[in-house]
Asks: 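Have a look at this one.
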Amino acid sequence: MSVTASTQVGIVGAGPAGLLLSHLLALRGIDSIVVENRSRAYCEARQRAGLLEAGTVELLRAVGLGDRMDAEGLEHGGIYLQFAGERHHIDFRDLTGGRWVTIYAQTEIVKDLIRARLAAGAQLEFEVSDTEVAELDTDHPVLRFTDAGGTRHEVSCEAIAGCDGFHGICRDSLPPGLVQVAERSYPYSWLGILATVPPSTDELIYSRHEDGFALHTMRTPQVSRLYLQVPADEDIARWPDDRIWDELRHRLGVPGWELKEGPIAEKAISPMRSFVASPMRYRRLFLAGDAAHIVPPTGAKGLNLAIGDVTALAAALTDLLGQANPDPANAYSDTCLRRVWRATHFSWWMTSMLHVDPHPDPFEAELQLAQLRYVIASRAAATTLAENYTGYFPPHWP
Ligand code: RFL
Ligand code: PHB
């Protein structure tokens, strides 16, 4: 026996995409339910992104989610690009007419969103199981799930949003043969650590070193986040804390600069992949965020793309469900894929320019160095990096 109900939009996944979509729809008077198979504590603690484009920051402010971000976020006007033992500054504000980026962790955005949704009385179900989407050939798709207490639910919806990440169920629920996938895997991974030590830099350092890429980023004035390129199938057991710090010092070091070390609170290895599924929609099932596309983290685009998708989707659903105007919903996939492919190219470019191929290739290495020298010497090339990094297609919330 299932408990039956109805709502306007069924949302699968309480990551940043699903939660923000539910928030934006509520601002337009549209009801939704969000179902999530993990616990609230797990969603709020999962270490992921940390860097927001200027347009993402402006959007979160415009929709009432900016207070803690403005108080605690760290605004950066550029990055450092390091190679051949030298560190160079890329000044985004100067190159883009004032654009910037903000460090504010995905964990904090998720906490802010969950708190705002619960305060508004939203239907948010954690720890669900056996999620299914069905009746996708109709104008009333159905969302089924079993709640944390074991009760089966069947919710009739006017639309469903698959915001269930790369390993979710919605993408595979689209009719067979509809979805085309374009993808690339990279022959390396990132080992990421969270360390309880003040950052050793005021802005992010992207370092191409002949022994592999390294990135120094941060979460707060007390917490550093650092990444190392490691082989694709690397075992984390091979990286005791001392080895991590030695390698970070080696790859990030320049004369006169010192890396502060501290306790490592968390460490994990993530694979690098580019993946784009298209179209991002079938009738009234819409995919958004990592459910539809993945980029390697080098350009810091994944979270920003997820936010761009759901901003477009909330506007499209407002027109479709509120005014029976299907045009923005019909354009949704193409609108998003333009932004997605720009970011996919940028992330691939940053990744290819900064990582060292495990099969030594002197030709490739010289091309990387030539490109890096060009980026720091030519205003046109630096502007290309800066305008993509700070967000080339900012989300638009009418
Ligand atoms: P999420 O965050 O994966 O959320 C999907 C949610 O769906 C749930 N789910 C289900 N719920 C119900 N039923 C099912 N059958 C379900 N299957 C799955 C999951 O539990 C989860 O809660 O996807 P979303 O919302 O699209 O958000 C995407 C972002 O999380 C992702 O793109 C970024 O974290 C990528 N990323 C970065 N992006 C940036 O913009 N800037 C960065 O600095 C940045 N750094 C990173 C990153 C990702 C990383 N990893 C680990 C992949 C750094 C790393 C290391
Ligand atoms: C992060 O802060 O986790 C981060 C920042 C920039 C990147 C990737 C990750 O390119």
Asks: Taking the cut-offs as 6.0 angstrom to the six-membered ring centre and 45 degrees off its axis, would you call R373 and F83 a cation-pi pair?
Replies: no
Asks: Which pairs with one or both residues in residues 282-306 pass salt bridge (charged side-chain N to carboxylate O under 4.0 Å, His left out), sequence neighbours excluded?
Replies: E53-K301, D139-R283, D139-R284
Asks: Would you sort out whether S6 and S156 count as a side chain to side chain donor-acceptor pair (under 3.5 Å), showing the intermediate values?
Replies: CA-CA 5 Å; S6 65; S156 172; 5.9 Å; no
Asks: Angle between ring planes, W348 versus H345, binned at 30° and 60°: parallel, tilted or perpendicular?
Replies: tilted
Asks: Pairing donors with acceptors under 3.5 angstrom, does anything connect the side chains of E234 and W239?
Replies: yes
Asks: Does the side chain to side chain donor-acceptor pair (under 3.5 Å) test come out yes or no for H293 and D309, once each step is laid out?
Replies: CA-CA 11 Å; H293 42 75; D309 287 355; 2.6 Å; yes
Asks: Quick one: do R40 and E125 make a salt bridge, cutoff under 4.0 Å?
Replies: no
Asks: Under the 6.0 Å and 45° cation-pi test, does R38 pair with Y42?
Replies: yes
Asks: Do the charged groups of R99 and E58 touch, with an N to O distance under 4.0 Å?
Replies: yes
Asks: Do S22 and S32 have side-chain N/O donor and acceptor atoms under 3.5 Å apart?
Replies: yes
Asks: Establish, from distance only, whether the side-chain atoms of R208 and Q368 form a donor-acceptor pair under 3.5 Å.
Replies: yes
Asks: Go through the side-chain N and O atoms of R251 and S207 and say whether any donor and acceptor fall under 3.5 Å apart.
Replies: no
Asks: Would you tell me whether N304 and T56 have side-chain atoms, one donor and one acceptor, within less than 3.5 Å of each other?
Replies: yes
Asks: Got a salt bridge between R144 and E154, using NZ or NE/NH1/NH2 to carboxylate O under 4.0 Å?
Replies: yes
Asks: Looking at every heavy atom in both E247 and D211, which two are closest together, and how far apart are they?
Replies: OE2-CB, 4.1 Å
Asks: Kindly say whether the aromatic ring centers of Y206 and Y80 come within a distance under 6.0 Å.
Replies: no
Asks: Only one of F213, W349, Y227 forms a ring-ring contact (aromatic ring centres under 6.0 Å, His included) with H355, so which one is it?
Replies: F213
Asks: Using only heavy-atom distances, determine whether the side chains of D327 and Y332 contain a donor-acceptor pair under 3.5 Å.
Replies: no
Asks: Does E44 form a salt bridge (charged side-chain N to carboxylate O under 4.0 Å, His left out) with R115? I'd like the steps, not just the answer.
Replies: CA-CA 11 Å; E44 291 185 344; R115 195 172 311 127; over 6 Å; no
Asks: For atom CG of D67, is the number of surrounding heavy atoms from other residues, nucleotides or ligands below 6.0 Å larger than 12?
Replies: no
